[in-house]
Amino acid sequence: METARIAQILSEMGTLLEVRGENPFRCRAYHNAAQTLKGLPSDLSEMIADGRLAETPGIGTTMFSKIVQLATTGHLPAYDDLRRATPPGLVALLRVPGLGPKKIKVLHDELKIESLADLRVAGEAKMIAPLKGFGAKTEQKILDGISFVESVGDRILQSKARRLVAPILEAIRQHPLVLRAEVCGSLRRRAETIGDLDILFSAENPVPVLDHFVKLPEVATVLAHGPTKASVRIADGVQCDLRGVEDSQFPFALHYFTGSKAHNIAIRRRALAHGYSLNEYSLSGEKGSVACKTEADLFAALGLAYIPPELREDVGEIEAAEKGPLPPLVELSDLTGTFHCHTDWSDGQATLEEMAQAAQSLGLTYLGIADHSRSAGYAGGLSIERVRQQWAAIDALNETFGGKFRIFKGTECDILGDGSLDYPDEILDGFDYVVASVHSSFGMPRDEMTARIVRAAANPRVTMLGHPTGRLLLARDAYAVDVDAVIEAAAKAGTMIEINASPHRLDLDDIHCRRAKAQGVTIVVNPDAHSTGGLADLDYGVGVARRAGLGVADLFNSAPLAKVAEALERRRKARH
DNA sequence: GCCGTTTTCGGCCCGACTGTTTTCAGTCG
């Protein structure tokens, strides 16, 4: 069985145990193990065989044997039993704000509630309020919560989160009492999708700031409002939490509210082992508390190098920071240019000139234009004749740059059903580079899809693979494909793989990016821009690269123009 | 279920807020 599926099963077991009111630490062990599996550095069966899995922290003897059983037989009796014994609708109750394992257990035991529908009926019949530990307010909160769960998906795209948080952060920073304010949480870690918005500020007296916050025009509902913390729901039901601390507490609080939860738990455990207690206000030991001006001071006090937010997932970053400074992560400003951009020659909105202009104003020194290929009729794919016309247009435009900027001639060439490409070889040979992507027959069986993309990855005329899994975040799953096999094929052929930086895609994701790097695959950050504004999406791709631990040297498009041009030319010549 | 710089048993990160309570349990992050 596939590693991702095993992780999914373990995580589901954790959740099932939760709603059954099991020991929360036992539940967490399952979630932790699932998380660990997802971030494994190499192939699972390999790691089982050579004993590395058994030595992985968080995988004990019991978990190890469960994973082995799933990996080899594809079945786990404990899982089947758990599913059989737990009403399937019970898990959905966990998503209702204010309902946790304990309350769900009471509802199940006392009122035989097994689903959201049961819960609504009970609430409307006023049967919940009389239960011990419940009350009229809780009942109403549950009814509101059911409507919320039914009307809203639980996560949003990073791009939407940034858009929503910006005016609120600005309003907090504008408040005269506020000294510092930052976005924390999964948004600061640049996670793929965001659950809620977290903002931290410092002030001598946080109360007036919180009072101001809950009255902002963006606020739809106030969920909680205390002297140091307030939670509200804003547009589209997105939750936004604001916390206020004293300025001396800011670094501790910033670290704490940035998370991840798993990282925080590991760091606090480490603090305990060093004779300290860490909370969101201070790091204190027997000799009093340790003053820290920055997060870096906090890490240093625990014997660790600074860990950037993007790496804080407790998947080995703490162990790495123990050994010394972490290798610097790539920055947006390191990018020298990019590939995989569209123009109005196919389905883009801007002209060649406008795209080139926009790239230059972002400080880029080259731009790869990769309009769709001829099969992509829905996206205005270019006929061979149009390709030749575009080449001439690009040549003419390049003349005007005087060598200071260059447009590379590319194509986003469809990978056809059999893994072949959408233009004949002599046309492909005329491009500076070829991005190969799947845009059709998403429903193929896994073996067939894998063979299809592996064939493209091995094609010497393919420079880089575009959005290798085809997923659309919160909208469409990846097509069935063995990504590790694709990475292996790309590594063997020297084919690059893109991080598609569109906030809807982020494909490759950070986890596969790590594996690709480990296999020696060069990564390229591409915005898949369909307008001049789309170039700004590069920043989301840099976020993925950083989460994957990539530095400047791991990316293709962080090299100077001359080197990039030379590398593309070398690869073109190698085809013959 | 995991794990060991007091430990192979008994802990497991820690605090804010709410709503139910007459001092705290549950939830959340």
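Throughout, protein chains are lettered first and strands after them, A, B, ... in sequence-line order, and every chain is numbered starting at 1.
Heavy-atom nearest nucleotides on DNA chain B were determined for A:Asp241 and for A:Leu272, and the one closer to the 5' end corresponds to A:Leu272. Between A:Ile265 and A:Glu139, the one whose closest nucleotide on DNA chain B sits nearer the 5' end is A:Ile265.
The CG atom of A:Asn23 sits 9.5 Å away from atom CG of A:Leu17, with the distance rounded to the nearest 0.5 Å.
Side-chain polar atoms of A:Tyr30 and A:Glu12 form no donor-acceptor pair below 3.5 angstrom. Side-chain N/O atoms of A:Ser260 and A:Arg312 include no donor and acceptor closer than 3.5 Å. With no hydrogens or angles considered, no side-chain donor-acceptor pair links A:Ser502 and A:Asp537 at under 3.5 Å.
Nucleotides B:dG1 and B:dT5 place their C1' atoms 23 Å apart, quoted to the nearest Å. Comparing the same atom, C1', in B:dC2 and in B:dT7 gives a spacing of 14 Å after rounding to whole Å. Comparing the same atom, C1', in B:dC17 and in B:dG11 gives a spacing of 27 Å after rounding to whole Å. Between B:dG26 and B:dT20, the distance separating the two C1' atoms is 10 Å to the nearest Å. Taking the P atom of each, B:dA16 and B:dG10 are spaced 31 Å apart, rounded to whole Å. The same atom, C1', is picked in B:dT21 and in B:dT27; the two are 16 Å apart, to the nearest Å. Atom name C1', nucleotides B:dC3 and B:dT8: the rounded distance is 9 Å, in whole Å. One P atom belongs to B:dT22, the other to B:dC13, and the distance between them is 30 Å to the nearest Å.
Considering only the side chain of A:Pro57, B:dC3 comes nearest among B:dC2, B:dC3, B:dG29. For A:Thr138, the side-chain atoms get nearest to B:dG19 when compared with the rest of B:dA16, B:dG19, B:dG1.
Residue side chain A:Asn32 does not reach the base of B:dG1 through any donor-acceptor N/O pair under 3.5 Å, judged by distance alone.
No more than 12 heavy atoms of other residues, nucleotides or ligands shown are found within 6.0 angstrom of NE2 on A:His75. Residue A:Asp81 qualifies as enclosed at atom CG: its count of foreign heavy atoms under 6.0 Å is above 12.
A heavy atom closer than 4.0 Å to some atom of DNA chain B occurs in A:Tyr256, A:Lys261, these being the qualifying members of residues 253-263 of chain A. Residues from residues 219-234 of chain A lying near DNA chain B, meaning a heavy-atom separation below 4.0 Å, are A:Ala224, A:His225, A:Gly226, A:Pro227, A:Thr228, A:Lys229 in numerical order.
Figure legend: cation-pi geometry between A:Arg505 and A:Tyr540 absent, as NZ or CZ is not positioned both under 6.0 Å from the six-membered ring centre and within 45° of its axis.
For the pair A:Asn279 and B:dG15, the criterion of a side-chain N or O lying under 4.0 Å from OP1 or OP2 is met. Between A:Thr62 and the phosphate of B:dC2, there is a side-chain N or O to OP1/OP2 separation shorter than 4.0 Å. Remark: A:Arg26 is in phosphate contact with B:dG1, judged by side-chain N or O atoms under 4.0 Å from OP1 or OP2. Applying the 4.0 Å criterion to OP1 and OP2 of B:dC13, one finds that A:Arg28 has a side-chain N or O inside that range.
Checked options A:Leu304, A:Ile265, A:Leu278; the residue passing with A:Arg270 is A:Leu304 (criterion: side-chain contact (heavy atoms from CB on, under 4.5 Å)).
Regarding A:Arg243, its CZ atom lies at a distance of 7 Å from the P atom of B:dC17, rounded to whole Å. Protein atom CD of A:Glu22 is 13 Å distant from nucleotide atom P of B:dC2, rounded to whole Å. One interatomic measurement links the two molecules: CG of A:Asp196 to P of B:dC17, which rounds to 16 Å at whole-angstrom precision. Separating the CG atom of A:Leu10 from the P atom of B:dG1 is a distance of 11 Å, rounded to the nearest angstrom. For A:Glu280 and B:dC28, the CD to C1' distance is 12 Å, given to the nearest whole Å. Straight-line distance from the CD1 atom of A:Ile142 to the C1' atom of B:dT18: 13 Å, rounded to whole Å.
In a base pair of the Watson-Crick type (N1 to N3 plus N6-O4 or O6-N4) or a G-U wobble (N1-O2 and O6-N3), with each distance short of 3.5 Å, B:dG11 is matched with B:dC2.
A donor-acceptor contact shorter than 3.5 Å is absent between the side chain of A:Arg190 and the backbone of A:Val544. Checked by atom type and distance alone, the side chain of A:Arg120 never pairs as donor or acceptor with a backbone atom of A:Ser147 at under 3.5 Å. With hydrogens and angles ignored, the 3.5 Å screen pairs no side-chain donor or acceptor of A:Arg180 with any backbone N or O of A:Phe250.
Within 4.0 Å of A:Lys105, counting heavy atoms only, lies no atom of the nucleic acid at all. Residue contacts shown for A:Ala78 are absent, as no nucleic acid heavy atom lies under 4.0 Å away. A:Val106 comes within 4.0 angstrom of no nucleic acid atom, judged by non-hydrogen atoms across all strands.
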### Query
How does protein contact run along nucleotides 21-26 of chain B, one letter per nucleotide 5' to 3', with B for base contact, S for sugar-phosphate only, - for none, heavy atoms under 4.0 Å?
-----S
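In this structure, the side chains of A:Phe299 and A:His255 come closer than 4.5 Å at one or more pairs of heavy atoms.
Across A:Gln158 and A:Leu506, no two heavy atoms sit closer than the pair NE2-CD1, 4.1 Å.
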### Task
For side-chain contact (heavy atoms from CB on, under 4.5 Å), just list the numbers for A:Arg471 and A:Asp509, CA-CA rounded to whole Å, side-chain angles, deciding distance to a tenth of an Å, and then say yes or no.
CA-CA 10 Å; A:Arg471 72 168 178 181; A:Asp509 64 17; 3.5 Å; yes
